Each structure stands twice: as C-alpha cells, then as structure tokens.
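What follows is one structure encoded as structure tokens, with my remarks underneath.
Numbers restart at 1 for each chain; the letters A, B, ... are given by sequence-line order, proteins then strands. No experiment lies behind these values; they were computed from the predicted model shown.
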Amino acid sequence: MPVSTSGEEDDVPLPVFSRRRHTIKTEDDDEYVAPKVSRKREEKEKNDSEDEIVLYSKRKRQSKDKGDKRRKLKKVKKETKVREGVKEKRVEKESKVKKEKKVKKESKESTMKKESKVKKESKVKKEIKLKKEEQIKEEVDLYKWWENQDDFDGEIKWHTLEHHGVIFPPEYKTLPKSVRLIYGGEPVSLPPAAEEVAGFFGAMIGTENAKNPVFQKNFFHDFIEVLKENGGCPEAEIKEFDKCDFSKMYAYFEKEREKKKALPPQERKRVRDERLKSEEKYKYCLLDGRKEQVGNFRIEPPGLFRGRGAHPKTGKLKRRVYPEQVSLNLGKSAPVPSPPRGHKWGEIRHDNTVAWLAMWRENISNSVKYVRFANNSTLKGVSDFKKFEKARALKNYIDAIRTDYRKKLKSRLMIERQIATATYLIDVFALRAGGEKSEDEADTVGCCSLRYEHVFLKPPNVVIFDFLGKDSVRFYQEVEVDMQVFKNLRIFKKEPKKPGDDLFDRLDPSILNKYFHSYLPGLTAKVFRTYNASKTMQEQLDLIPNKGTVNEKVVQFNAANREVAILCNHQRNVSKGFEAGVQKMNEKIEEMQWRKIRLKRILLQMEKKLKKKKGDYFVEIDELSKETEKEIVERVLENEKERDEKRYTREKQKLDWDKKKLSKEEYKQKSEALKEDRKKRAEKFKEKSKQLKAEARSHKYELKGSMTVEKIEKQVEKLEERITNTNLQRKDKEDNSTVALSTSKVNYIDPRLTVMFSKKFDVPIEKLFTKALREKFAWAIESADAEWRF
DNA sequence: AATTTAACTTAGAAGACCAGGC
DNA sequence: GCCTGGTCTTCTAAGTTAAATT
C-alpha cells in the first residue's frame, strides 16, 4: 500500500489509488519507473498542471464567450443585410432549377415512351409510382442548402419559424365492463386512469418484459400510485402483484388485435388515409420561408417504460403528457398554433439558436424530449455534412495524434499515460467516450468508464474486453494490443484496485476531449468512430473489383458495410424466426439437390452412354444415401399434403364468408364443387406419393414422351442456379443475423462513399440507399462523383 | 440542455409460391 | 410450358423512443 501524500484525501473522498500516479511496481523487467523527482515536486507538478488546465479552460471559456458574442452580433448584422440579397438570388436559382427539372422530366418522358413500347405494363406502373414520388419530393425539397453553404456557421439556426404544434395521443377509452382485472380471484373495478395502467401491463403478458421482476415491481408500484391518486378500488385493497390476474385484459387486447388484422383492405386504407390527412399539416413547417419536414411531431403516448438491458427503472409508468407541459419554439412573428380545446401551452419560446420545435419533460428520468426536424431537413443535413467534414479533417491530424499517443504511452505522468492509452483504445477499437452514469440507469460503460472487471489481461499482449456498451450491447473481443498498452493496462489494474474500480481513474470524456481539442477544434472522441468507420469503408470499397452483375456488386458493398458494422460493434438480436428460417432453407436446398439427382437419373435411364461421356456430371448421384432420400421424399410429400389441406380450409372459409351474398342453391353447388376438388386432389396425391416412393426404392422412372435430353439438362441447370443462389442467401442471412448494417450506413459511413460506389460501379443508388436515405443524403448524391474519396 | 446514435417494433412492400389461363 | 396475378410469408424500411455524447 503506497503512502498517501499530503492532505489531499481530506477534500475529495476518492480511493487512494486514484490520487496516485507513480511508484507502481510491475513484474516485468521493463517496469514502470517512477519519475526521479522528489515527491514534493511531483505534487507541485501535478497541482500546477491541474491548475493550469482549470485556468486554461476558464480563460478559454471567457474569451470564447466574448468572441461568441462579438461574432454573434456581427453575424446577425451581416446576415440580415445579406439575407435580402441572398433571397433574391435564391429565387432566381430556384426558378432556374425548376426549369432544368422540367427539361429533364420531358426528356425522361420521351425516353419512357420509347421504353414503354418495349417493356411490360407493370414496369410502367412502377415508373409512374417513382415519378409521383419525385414530384412530391420536389415540392418539399426545392432548397439546396449545399449550393449555398456560406450561411451556415454561427449560432443562429434560423430567422423565421412557423409550425403547427404537435399531435397528442387520443384520450383513454375505458374497457368494456366485462373486461376486468381479477384480484384474488374476484373481478374488481378500477378508476379509468388506473385501468389504463393495468391495461398497459395486461397487453404485455407473455413478453420478456412482463416476466422481468424489476419490470413487474416498477409497474406495480406506479400502478398502485395511480390507483391511490384516483380514489382506489372499491372492492378490494390492491397491494400484491401476485394476486393480480390480467388474463381477461390480455384476451381482450388479443381479440382487438385480431380484429384489426382481419379488417378488409379497403377499410384499412380508409382509416389510414384519414389519419394521414389529419396529420398532414403537422408534417411540415416553415423555416426561413421554406417548407421543411418535421420529424417526430407526435407526443409520445403514455405506457410502461421499456428501458434496455438491466435498467433499474424499466416498467415504470411513462405518464401522459398534456399541453400544459409542452413548450413550443416559434419565430417571434409566427402565429401560435391553438392548443387542444380546454388546454393551454406550457410556454412559447423564440429561441433561434436551437433546432427544436417543441419540448416536454418526461417523468422517468426527468429529461427533456424534443420535437425536431426530419432527417431530410436543411438543418439536419448541414450538421451531417459538418460531421463528415470534421471526420475528414481528422485525416490531416491522425498521424500526429498517433505518433503522440505512442510516445505518451510511456509518459511519466499518470494522466498522460491514461490519456494516451484511452486514445489508443478509442482509435483502434472504436470505443465510445464512456461518460459517467448514475445509479438509476443501466450499468453500461465506454472507454473512460471501463472498470477493473471489464478487461482481462493475457500475457504477453492479449487483452479480452468484456463489457456492456450503449444499449447494453455486449462488447466482447479478444485482441492483441501494443506491448506498451498491455503494460499500461496492467498498471491501471494494479493493486489496490479491485473489481468495481475505474480503470482510467484520472479520466472522463471532458478531459479526453480537451486533449483532442488541442489538435483540432471540435475534435472529440466520437469523431474517431466516424473517421475510422468511413476510412474502413473506403478501404473495403477499394478492394472490390468492378465486375459482375449489379446484384453481385451490391453483395460486395454489403460485405464492406458489414466490416464497418463489426468495427463499431453494431449488433442486433437474432430474430425469433431465424433458426427456423435457416432450417427451412437447408431443407429447401436439400430438396432441390434431390430433384436434381432425380433428373440426372432420368437422364441416365434415357441414354446410358451419357455416363461415359461426362462422368463427373453424375458423381453426385451416388452421394445421396437411400435413407436420406426416403426422408426427403417423405418431407416433400408431407409438405404437399399440408398445402392441400390449407388450401381447402382457406377456400371453405372464403365461401362461408360469402355465404350471405349467395343463394342457397349457389352455396350448395359451390361447396359441393369444393369437396369434389378436394377428393380429386387427395387421389392425385395418393398416386403421386406411391410413385415417388416406388421411385426412391427402385430408381426406375417412368419416361414421358415429351422428355428430351436437352430439356432435362436445362432443368438441371436451372436447379443448379437456384441452389447456388439459395446457398448464397443462406450465408448472407447467417452472416447478418447478429450484425446491424443500417446503423453504420445511416450514421458513420460518409454517404459520399456510397454515392461514389454507385457511380463508379454503375449500381443504381436505389439499391444502396432507401428512399429515406436518398432524401437524407441528397447533398451527397449531388456532390460526389465516381472519383470522390473520403 | 441539445444533439447524435441506437436498437426495437411494426406496418407495409417485396418476394415466393402456386393455380389457372393462354 | 410459360406467364400472370392472387395469396401467403418473409423481409425491410420507416417510425419510435431509448441511450449515448458533448
């Protein structure tokens, strides 16, 4: 145990080790040597440097504030002056763009005409659909901010802002009287507010959440609270979760779900269109006179909080939000949207330095939720663009940063060593910053918050990371690290540290980020993730040869994307149907294999000499054992039988459904026909079954006159194609089962890389970006060419 | 406090499959 | 035998909201 120095512990109750930064013995010869200075001096040094940091940041802040103010003033002046001119210019530009688009459209139409003669109707339909989409897009997305980039630095985010407020979830409608909570065997009545909460849980019976004891406890606590607030339950005092029986409620919701599912399509469409129409006006807002889309204009409905991982608050009641709790952010001269009848808005603000339209405070952890612009909006686009440009700027500093941290890995100052080591981890393993978390959040960590137990050291230089990261996604990696990093980690784990203690006891994200700022203003830990993700993507794309079909190229692109996703540890849960899906695919492949072999046997039976001509072609015949074949045949038959049954019940159902519309005579006739059909099928099946089984036994086939060698060979070829295809699909499915590609595509890979790939490899961008992403990344689609590099 | 990143849920689209018509 | 269009199934994208960073 090292002797603690001076009276430092007095003020801050930190464990001893966290205040120590020297004299740590290591087992290896190349041990960490404490700086050869007196303790006093060391302390001074430390204090000095710490003081300096504080002073520095203070100074910086002051000057920054001043500068900001000055800049702000200047900016406002300049912008108001310039704005008018810009506006004019913009109008000009827009009309020009419009004209250009018109011309484009016309030429497109003429080519379409030509094509339509050749192509099928359905294709034309698709094109029309696309065109419509384009038109809608044009309406919204006329403004191309990226052609006007100069007016986007500075604090001011907008000059005028109008919107229609938010949509509130519908009021609670009480359940039918018969649908009750059962308490201790007796149905009880609940005040509507409490019934609603009970219903939230009732709807979740059977889910993993509802089985989670913490979820149950939190739910029940809040349920009782609401019950008490509303006068309680007249029949019984509800105080034990285990006495509650939600099955009536569950059954009711289940039935409602079924009903909704069974709704005829037209009715569904009608409901949907109605909803869309009533929401239309909330979808758009007016920002600096331009129409822009709003993202989440709906206030979150009440429900049970579904915290991820082992969240201490999971299951708590997320309360209903009323207009009184909602603040709107609007331009000064914008009309205030009228609140729902009988209500008032909480607050009207006019803050043009922020990018939100409305906010409210939620009751789970008392944080703020915002209504923001859509992903295709100017403001989001601008910040996305800036994000990627910042990551690209890091390119010019990364060598220096790497050289520095390699050097500082051996620094005599503990804090420097920790900074260097952390930077190494962030740079190499793409860890997140790892801010401190409170007790009432899930226990997840990032770099700075890594603890003793999250890192296992295996000499000489293997490290096993095992911890829960964001969203409680497990980060597990066994990796080789730089020798010095290994030594450092060992030092950071040195006694008296024990499980539960911070590995980087001198660090938090702000310290780390301050260090990064010294290289490049605005450089933070997360920029490294963006940089390394995009860098990796660039490298991976560079490896892809420009050949093959479009689909093959897309597969290659996805493989590159997957590398990035793995780097960023973007995982997803294996979907529940996955196992079964793979199994089914395997069976399908097996079946096709069997069909192929069967065809080849037929070929041989037709012409024996074929075997001599191309022996290899027939080798696989012997690779299918009789037992397996029998199994396959039985399975094939089983499936067919099932299908026939299903088909019958379906048609019967349909007929019964239409019963009212038909005369008795008609109905009778039709059901007779159905039965007849069923009988016929059964007979046919029996025959087929007999034949296939016999074939499997004897390998003798009944040849039909229409068969020719060429035709069968063609069929074999087709099957082969399908088999390789299905195999590929299965591999893709397996490879992607636990990896989420979209997160990196949406957030980390510079979209211009995707655009570059699209142009260079002649892959339509629609194959790589969904409609939403095409809109979000419109700036990239227009600005990158085939030669663009990250 | 404000913004970005993230996985989960769900609704609807795409694809597989099949029957019936040419 | 091939095409087409309807139906069922599977997959995906959009939407939602939790959980990070700064």
Side-chain angles (χ1 to χ4, degrees), chain A residues 120-122 126 129 157 207 209 257 260-261 265 268-269 272 295-301 303 305-309 311 313-314 318 329 351 353-356 359 361-362 364-365 367-370 372-375 379-380 383-384 387 432-437 441-442 444-449 469-473 508-510 512-514 516-517 522-527 529-530 568-573 575 577-578 580-581 584-585 588 639-640 643-644 646-647 650-651 654 677 681 706 711 714-715 722 726 729 733 736 740-748 769-773 775:
Chain A
K120 310 261 153 36
E121 280 246 319
S122 62
K126 250 189 197 168
K129 207 176 148 194
K157 299 239 162 80
T207 64
N209 273 326
R257 266 191 286 251
K260 214 173 141 195
K261 238 184 178 167
R268 258 183 174 194
K269 196 174 173 300
R272 203 173 72 110
N296 54 328
F297 45 81
R298 246 182 292 270
I299 294 284
E300 290 173 19
F305 173 69
R306 293 147 88 122
R308 303 210 245 274
H311 198 298
K313 294 195 172 181
T314 191
K318 206 168 87 166
N329 194 24
D351 185 350
T353 66
V354 294
W356 53 265
M359 59 144 263
R361 204 169 272 285
E362 51 87 36
I364 299 293
S365 40
S367 63
V368 186
K369 300 250 181 175
Y370 299 90
R372 309 175 51 80
F373 294 99
N375 281 338
L379 283 170
K380 288 248 187 159
S383 64
D384 245 11
K387 174 180 79 181
R432 296 187 184 83
E436 206 192 340
K437 296 192 76 183
E441 293 175 275
T444 63
V445 299
C447 184
C448 294
S449 48
K470 182 175 177 180
D471 291 303
S472 294
V473 171
D508 65 44
S510 78
L512 208 52
N513 287 337
K514 227 168 256 159
F516 293 146
H517 290 342
L523 181 61
T524 60
K526 83 186 186 72
V527 180
R529 255 165 95 81
T530 315
C568 296
N569 200 40
H570 290 144
Q571 302 187 12
R572 58 176 190 164
N573 276 336
S575 61
F578 175 75
K584 210 170 162 189
M585 274 177 124
K588 219 163 96 184
N639 289 343
E640 193 163 330
R643 268 204 302 274
D644 277 353
K646 244 189 187 166
R647 182 196 146 88
R650 193 174 65 230
E651 298 208 330
K654 203 172 151 197
D677 188 56
R681 271 172 208 286
S706 59
K711 268 186 191 168
K714 220 173 200 169
Q715 281 181 11
R722 276 178 64 195
T726 318
Q729 270 177 24
K733 196 183 168 109
N736 279 333
L741 298 190
S742 62
T743 308
S744 48
K745 202 188 239 182
V746 172
N747 297 302
Y748 288 103
F769 277 155
T770 63
K771 183 167 150 280
L773 284 188
E775 285 176 18

Between CD of A/Gln571 and P of C/dA20 the distance, given in whole Å, is 14 Å
Specify the closest pair of heavy atoms between A/Asn296 and A/Tyr370, including all atoms of both residues, with the distance to one decimal.
ND2-O, 2.8 Å
Without swapping roles, check the side chain of A/Asn375 against the backbone of A/Glu775 for a donor-acceptor pair under 3.5 Å.
no
For A/Ser472 and A/Ala442, work out which heavy atoms get closest and say how close.
OG-CB, 4.2 Å
Mind calculating the distance between CG (A/Asn569) and C1' (B/dT5) to the nearest angstrom?
14 Å
Which is true for A/Ser383 with a 4.0 Å heavy-atom rule: it touches a base, it touches only sugar-phosphate, or it touches nothing?
sugar-phosphate
Grab the CG-P distance between A/Asn513 and C/dT21 for me, whole Å please.
10 Å
Inter-axis angle, terminal five-pair segments of the helix from B/dA1-C/dT22 to B/dC22-C/dG1 [nearest 10°]:
30°
Can you check the A/Tyr370 OH to C/dT16 P distance for me, whole Å?
20 Å
Contact class for A/Lys313 vs. all strands (heavy atom < 4.0 Å): base, sugar-phosphate, or nothing?
nothing
Ignoring backbone atoms, establish whether A/Thr743 has a side-chain N or O less than 4.0 Å from OP1 or OP2 of B/dA6.
no
By the 4.0 Å heavy-atom rule, please label A/Gly434 as base, sugar-phosphate, or nothing.
sugar-phosphate
Which part of the nucleic acid, if any, lies within reach of A/Arg529 when heavy atoms closer than 4.0 Å are counted: base, sugar-phosphate only, or nothing?
sugar-phosphate
Which nucleotide wins on minimum distance to the side chain of A/Thr444, given the candidates B/dT9, C/dA18, C/dA20?
C/dA20
Minimum heavy-atom distance between A/His517 and A/Gly522, given as atom pair plus value:
ND1-N, 3.7 Å
Smallest separation among heavy atoms of A/Phe305 and A/Ile364, with atom names:
CB-CD1, 3.6 Å
Reading DNA chain C from 5' onward, which residue's closest nucleotide shows up sooner: A/Gly446 or A/Glu300?
A/Glu300
Using a 4.0 Å heavy-atom cut-off, does A/Glu441 contact any base of the nucleic acid, only the sugar-phosphate backbone, or nothing at all?
nothing
Quick one: side-chain hydrogen bond (donor to acceptor under 3.5 Å, both in side chains) partners of A/Asn736, sequence neighbours excluded?
A/Arg562
A/Gly295 near the nucleic acid: base, sugar-phosphate alone, or nothing, with a heavy-atom cut-off under 4.0 Å?
nothing
Is A/Arg272 touching bases, backbone alone, or none of the nucleic acid, heavy atoms closer than 4.0 Å?
sugar-phosphate
Verify the neighbour count for atom NZ of A/Lys584: are there more than 12 heavy atoms of other residues, nucleotides or ligands below 6.0 Å?
no
How would you label the contact of A/Ala442 with the nucleic acid (heavy atoms, under 4.0 Å): base, sugar-phosphate, or nothing?
nothing
Closest approach to the side chain of A/Asp471, judged atom by atom: which nucleotide of B/dA6, C/dG15, B/dA11 is it?
B/dA6
Of all residues at least two apart in sequence or in a different chain, which pass the side-chain hydrogen bond (donor to acceptor under 3.5 Å, both in side chains) check with A/Lys387?
none
Would you classify A/Ser367 as touching base, sugar-phosphate or nothing, given that sugar-phosphate means primed atoms plus P, OP1 and OP2, and contacts are heavy atoms under 4.0 Å?
nothing
C/dA18, B/dT3, C/dG15: which one has an atom nearest the side-chain heavy atoms of A/Arg308?
C/dA18
Winner on side-chain proximity to A/Ala772, out of B/dT5, C/dT17, C/dA14, is C/dA14
Using heavy atoms to find the nearest nucleotide of DNA chain C for A/Gly435 and A/Lys733 separately, return the residue whose nucleotide is more 5′.
A/Lys733
For A/Lys470, answer base if it contacts any base atom (sugar-phosphate contacts may also be present), sugar-phosphate if it contacts only those atoms, and nothing otherwise; contact means non-hydrogen atoms under 4.0 Å.
base
Does any N or O in the side chain of A/Asp471 come within less than 3.5 Å of the main-chain N or O of A/Val473, such that one atom is a donor and the other an acceptor?
no
Among the nucleotides B/dA2, C/dA20, C/dA19, which one has an atom lying closest to any side-chain atom of A/Phe305?
C/dA19
Between C1' of C/dT10 and CG of A/Asn736, the distance in whole Å:
15 Å
So, for A/Thr444 and A/Lys437, which heavy atoms are closest and what is the spacing to 0.1 Å?
OG1-NZ, 3.0 Å
Let's see if you can work this out: which of C/dT22, C/dT16, B/dC17 has an atom nearest to the side-chain heavy atoms of A/Arg298?
C/dT16
Give A/Arg432 one of three labels, base, sugar-phosphate or nothing, depending on what nucleic acid heavy atoms sit under 4.0 Å from its own.
sugar-phosphate
Closer than 4.0 Å, any side-chain N/O of A/Arg306 to the OP1 or OP2 of C/dT17?
no
If you only use heavy atoms from C-beta on, which nucleotide in C/dA14, B/dA1, B/dC17 is closest to the side chain of A/Lys771?
C/dA14
Between C/dT21 and A/Lys387, is there an OP1 or OP2 to side-chain N/O distance shorter than 4.0 Å?
no
What is the distance, rounded to the nearest whole Å, between atom CG of A/Leu379 and atom P of B/dA2?
15 Å
Nearest-nucleotide pick for A/Thr530, side chain only, options being C/dT17, B/dT5, B/dA7
B/dT5
Between C/dT12 atom P and A/Leu741 atom CG, what is the distance in whole Å?
10 Å
